[in-house]
Amino acid sequence: MKWEEISAKENKLVKDFTLTQDRLITNLQQIVKENERYVLDGHYCLLNKNNVPEKIDFGTFRTLDPFAFIIVVDDVQEVKRRLENRDSREYDFALLFKFQELEIQYSKELAEQLNKPHVTLKSDETKNFKKFLENENFT
């Protein structure tokens, strides 16, 4: 699900976190089928309107009640390269490093608080992700 009016493609800054997360939950409630499992690909933190990484409200994750918390990480220089190629603009390495570190820390915190499994994968370990899903009878 993407909503163009929430953040412009070229800047990705979120002006209203609450609105964004409320819309996510509302839309998921409309499309998710009972007794089905889904992989929700997103972030644990977002860049706020001041271009500062900010944690998504804990209540969002409590409401979503995910089966597990999985975070995919990569070398920040590689993340920077991919983002710059995708968005045709320059990104600050220190900002991306801070963003990734905050997401790692917060994903672990969320998993602990909600008593859910936590998995950290490097971007080249997608086979491990598939294996994790299969082992947990997720597929």
Side-chain angles (χ1 to χ4, degrees):
M1 293 179 284
K2 291 189 180 190
W3 302 295
E4 294 299 326
E5 68 274 16
I6 288 176
S7 63
K9 181 182 177 190
E10 61 277 357
N11 90 19
K12 300 288 185 188
L13 302 179
V14 178
K15 293 177 185 170
D16 187 335
F17 275 46
T18 303
L19 173 66
T20 303
Q21 299 315 302
D22 288 349
R23 290 179 74 182
L24 169 68
I25 290 166
T26 298
N27 280 292
L28 284 173
Q29 288 170 339
Q30 292 174 3
I31 64 170
V32 169
K33 296 177 184 163
E34 201 169 326
N35 299 320
E36 296 270 338
R37 294 199 180 188
Y38 299 83
V39 174
L40 183 60
D41 180 4
H43 288 275
Y44 299 103
C45 304
L46 296 170
L47 290 176
N48 67 22
K49 63 184 176 185
N50 298 317
N51 203 39
V52 175
E54 185 176 317
K55 295 176 181 177
I56 294 171
D57 183 71
F58 174 77
T60 297
F61 297 100
R62 185 178 54 236
T63 300
L64 292 173
D65 191 29
F67 172 80
F69 288 88
I70 302 167
I71 186 162
V72 179
V73 299
D74 204 347
D75 175 76
V76 178
Q77 194 61 48
E78 179 60 21
V79 171
K80 182 180 185 307
R81 184 192 66 74
R82 284 196 312 263
L83 286 172
E84 289 175 348
N85 284 341
R86 182 192 74 187
D87 298 343
S88 300
R89 74 178 194 92
E90 199 168 317
Y91 281 85
D92 179 66
F93 179 88
L95 174 69
L96 295 176
F97 182 85
K98 180 180 176 181
F99 193 113
Q100 181 167 265
E101 290 299 307
L102 184 62
E103 286 209 298
I104 293 166
Q105 174 265 322
Y106 190 44
S107 66
K108 291 176 181 177
E109 181 183 317
L110 288 165
E112 184 177 319
Q113 288 182 8
L114 294 171
N115 197 30
K116 304 288 183 171
H118 182 275
V119 178
T120 301
L121 298 173
K122 295 189 186 261
S123 65
D124 61 352
E125 295 180 319
T126 54
K127 290 178 187 168
N128 292 346
F129 175 69
K130 185 177 179 187
K131 196 178 299 183
F132 170 77
L133 296 177
E134 289 168 351
N135 288 343
E136 298 297 329
N137 295 317
F138 195 77
T139 56

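Quantities reported herein were computed from a predicted structural model and do not represent experimental measurements.
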> Measuring from Phe99:CZ to Asn51:CG, what's the distance to the nearest 0.5 Å?
Replying inline: 10.0 Å
> Are Leu121 and Leu102 connected, step by step, through hydrophobic side chains (Ile, Leu, Val, Met, Phe, Trp, Tyr) whose heavy atoms are closer than 4.5 Å?
Replying inline: no
>> According to side-chain contact (heavy atoms from CB on, under 4.5 Å), who are the partners of His118, at least two apart in sequence or on a separate chain?
In response: Phe69, Ile71, Ser107, Lys108, Ala111, Thr120
>> Any non-hydrogen side-chain atom of Glu109 less than 4.5 Å from a side-chain atom of Gln105?
In response: yes
> What heavy-atom pair brings Glu84 and Tyr91 nearest, and what distance separates the two atoms?
Replying inline: OE2-N, 2.9 Å
>> Nearest 0.5 Å, please: how far is CZ in Phe97 from CG in Asp75?
In response: 10.0 Å
> Atom CZ of Phe93 and atom CG of Leu96: how far apart are they, to the nearest 0.5 Å?
Replying inline: 8.0 Å
>> Nearest 0.5 Å, please: how far is CZ in Arg82 from CG in Asp87?
In response: 12.0 Å
> How far does OH of Tyr106 sit from CD of Glu54, to the nearest 0.5 angstrom?
Replying inline: 10.0 Å
> Can you tell me if CD on Glu34 sees more than 12 non-hydrogen neighbours from other groups inside 6.0 Å?
Replying inline: no
>> Testing the basics here: between Val72 and Ser123, what is the closest heavy-atom pair and its distance to 0.1 Å?
In response: CG1-CA, 3.5 Å
>> To the closest 0.5 Å, what do you measure between CD (Glu125) and CG (Asp74)?
In response: 10.0 Å
> Hey, are Arg81 and Glu78 close enough for a salt bridge, meaning a charged N less than 4.0 Å from a carboxylate O?
Replying inline: yes
> How far apart are the C-alpha atoms of Leu47 and Leu95, what are their side-chain angles, what is the distance that settles it, and do they pass the side chain to side chain contact (heavy atoms under 4.5 Å, CB included) test?
Replying inline: CA-CA 10 Å; Leu47 290 176; Leu95 174 69; 4.2 Å; yes
>> Taking the side chain as everything from C-beta on, heavy atoms only, tell me whether Leu114 gets closer than 4.5 Å to Phe58.
In response: yes
>> Check Lys116 with Asp65, please: is the shortest side-chain N to carboxylate O separation under 4.0 Å?
In response: yes
>> Can you confirm whether Gln113 is buried at CD, in the sense that more than 12 heavy atoms of other residues, nucleotides or ligands lie under 6.0 Å from that atom?
In response: yes
